[in-house]
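The block underneath contains the structure these notes are about, expressed in structure tokens.
The structure presented is a predicted model; accordingly, all values stated were derived computationally and were not measured.
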Amino acid sequence: MDENMQNSNNMGKIIAVLLVIILLVAGVYSAMNWNKNDVVDNLPIPGSDYYVSVINVKHQYKDGKHIYAGSLDLPTPCYSLVSAISKDTETSATITLDTSRNEEEICSQVITNRKFKVETTGGNPMSIQGLMNSKPIQLNLFEVPADKNIDEVEIDIKG
């Protein structure tokens, strides 16, 4: 019977060691999957829109037209910018900026500047508001004299 007890003790030790190994493997596997889920949860939602709350915009009134020009720094070259202007009344309009991200391209995270320029007719002065990806934004307007080329004028915002 001593031999049976010794075999039982050895079998018990083997089972205990196997259980510890199984628990360690399960713990490591769980930790690896937890980290993957954490990273995935923190990635941007595919196709998500970029948003800023304030944009500097040059404005010029020339020959009965209001011209608005500016630029926007987007997070990667995969982002595109579409701009439009719609007149609300004869003396008010809304500039709409929409960004989208091409999910099929792989892009490095290099800030990419995208320019926009929109024009509308209307009375002077014109009340203007802005929307970016359907959210209101503040437009900092910088007036450009009619005798200057709006594309060549730089906005100086040091401070």
Side-chain angles (χ1 to χ4, degrees), residues 20-159:
V20 168
I21 291 172
I22 289 171
L23 289 174
L24 284 173
V25 169
V28 169
Y29 178 77
S30 176
M32 288 172 52
N33 280 342
W34 179 78
N35 286 337
K36 283 181 186 174
N37 290 337
D38 188 42
V39 170
V40 170
D41 288 344
N42 289 324
L43 291 175
I45 298 167
S48 66
D49 296 323
Y50 180 71
Y51 179 75
V52 296
S53 59
V54 179
I55 297 177
N56 295 322
V57 178
K58 298 179 280 187
H59 170 251
Q60 184 177 57
Y61 184 71
K62 185 176 186 177
D63 301 326
K65 286 189 209 172
H66 291 273
I67 305 165
Y68 298 91
S71 65
L72 189 59
D73 287 334
L74 297 176
T76 73
C78 285
Y79 278 83
S80 62
L81 175 65
V82 175
S83 59
I85 189 166
S86 59
K87 272 192 351 185
D88 303 321
T89 68
E90 186 59 27
T91 57
S92 69
T94 301
I95 295 175
T96 304
L97 302 172
D98 290 305
T99 63
S100 61
R101 182 172 170 230
N102 183 343
E103 294 297 322
E104 297 189 13
E105 287 185 44
I106 297 175
C107 290
S108 59
Q109 293 206 346
V110 176
I111 294 174
T112 304
N113 188 270
R114 300 278 191 231
K115 294 182 179 192
F116 65 90
K117 186 175 180 181
V118 291
E119 297 180 15
T120 189
T121 58
N124 193 20
M126 173 79 72
S127 171
I128 193 78
Q129 59 184 329
L131 293 174
M132 180 171 190
N133 297 323
S134 303
K135 297 177 186 172
I137 55 172
Q138 179 182 339
L139 300 174
N140 285 337
L141 294 180
F142 294 85
E143 293 299 322
V144 176
D147 63 337
K148 302 276 184 182
N149 182 341
I150 195 168
D151 295 323
E152 294 175 359
V153 173
E154 296 292 324
I155 298 174
D156 185 15
I157 55 168
K158 295 180 183 176

Working to the nearest 0.5 Å, report the span between [atom1] of [X] and [atom2] of [Y].
{"X": "L74", "Y": "I111", "atom1": "CG", "atom2": "CD1", "result": "9.5 Å"}
{"X": "I55", "Y": "L139", "atom1": "CD1", "atom2": "CG", "result": "6.5 Å"}
{"X": "N124", "Y": "K62", "atom1": "CG", "atom2": "NZ", "result": "14.5 Å"}
{"X": "M132", "Y": "L97", "atom1": "CE", "atom2": "CG", "result": "6.5 Å"}
{"X": "I85", "Y": "T94", "atom1": "CD1", "atom2": "OG1", "result": "8.0 Å"}
{"X": "M126", "Y": "E90", "atom1": "CE", "atom2": "CD", "result": "6.5 Å"}

Flag the pair N133 / K135 as yes when at least one side-chain heavy-atom distance between them is below 4.5 Å, and no otherwise.
no

Can you name the side-chain contact (heavy atoms from CB on, under 4.5 Å) partners of [X], sequence neighbours left out?
{"X": "I21", "result": "V17, V25"}
{"X": "T89", "result": "T91, S92"}
{"X": "V54", "result": "Q138, N140"}

Where at least one partner belongs to residues 66-136, residue pairs that pass disulfide bond (SG atoms under 2.5 Å apart), sequence neighbours excluded:
C78-C107

Side chains of residues 148-155: which donor-acceptor partners sit under 3.5 Å, not counting sequence neighbours?
{"from": "N149", "atom 1": "OD1", "to": "D151", "atom 2": "N", "distance (Å)": "2.9"}
{"from": "D151", "atom 1": "OD1", "to": "K117", "atom 2": "NZ", "distance (Å)": "3.3"}
{"from": "D151", "atom 1": "OD2", "to": "K117", "atom 2": "NZ", "distance (Å)": "3.0"}

Around [X], counting heavy atoms of other residues, nucleotides and ligands shown, do more than 12 lie under 6.0 Å from its [atom1]?
{"X": "K87", "atom1": "NZ", "value": "yes"}
{"X": "Q109", "atom1": "CD", "value": "no"}
{"X": "N113", "atom1": "CG", "value": "yes"}

Quick one: ring-ring contact (aromatic ring centres under 6.0 Å, His included) partners of F116, sequence neighbours excluded?
none

Is there a side chain to side chain contact (heavy atoms under 4.5 Å, CB included) between F142 and N56 once you walk through the steps?
CA-CA 7 Å; F142 294 85; N56 295 322; 3.6 Å; yes

For R114 and T99, indicate whether the former's side chain and the latter's backbone hold a donor-acceptor pair under 3.5 Å.
no

Once the angle between the rings of H66 and H59 is folded into 0 to 90°, is it parallel (under 30°), tilted (30 to 60°) or perpendicular (over 60°)?
parallel

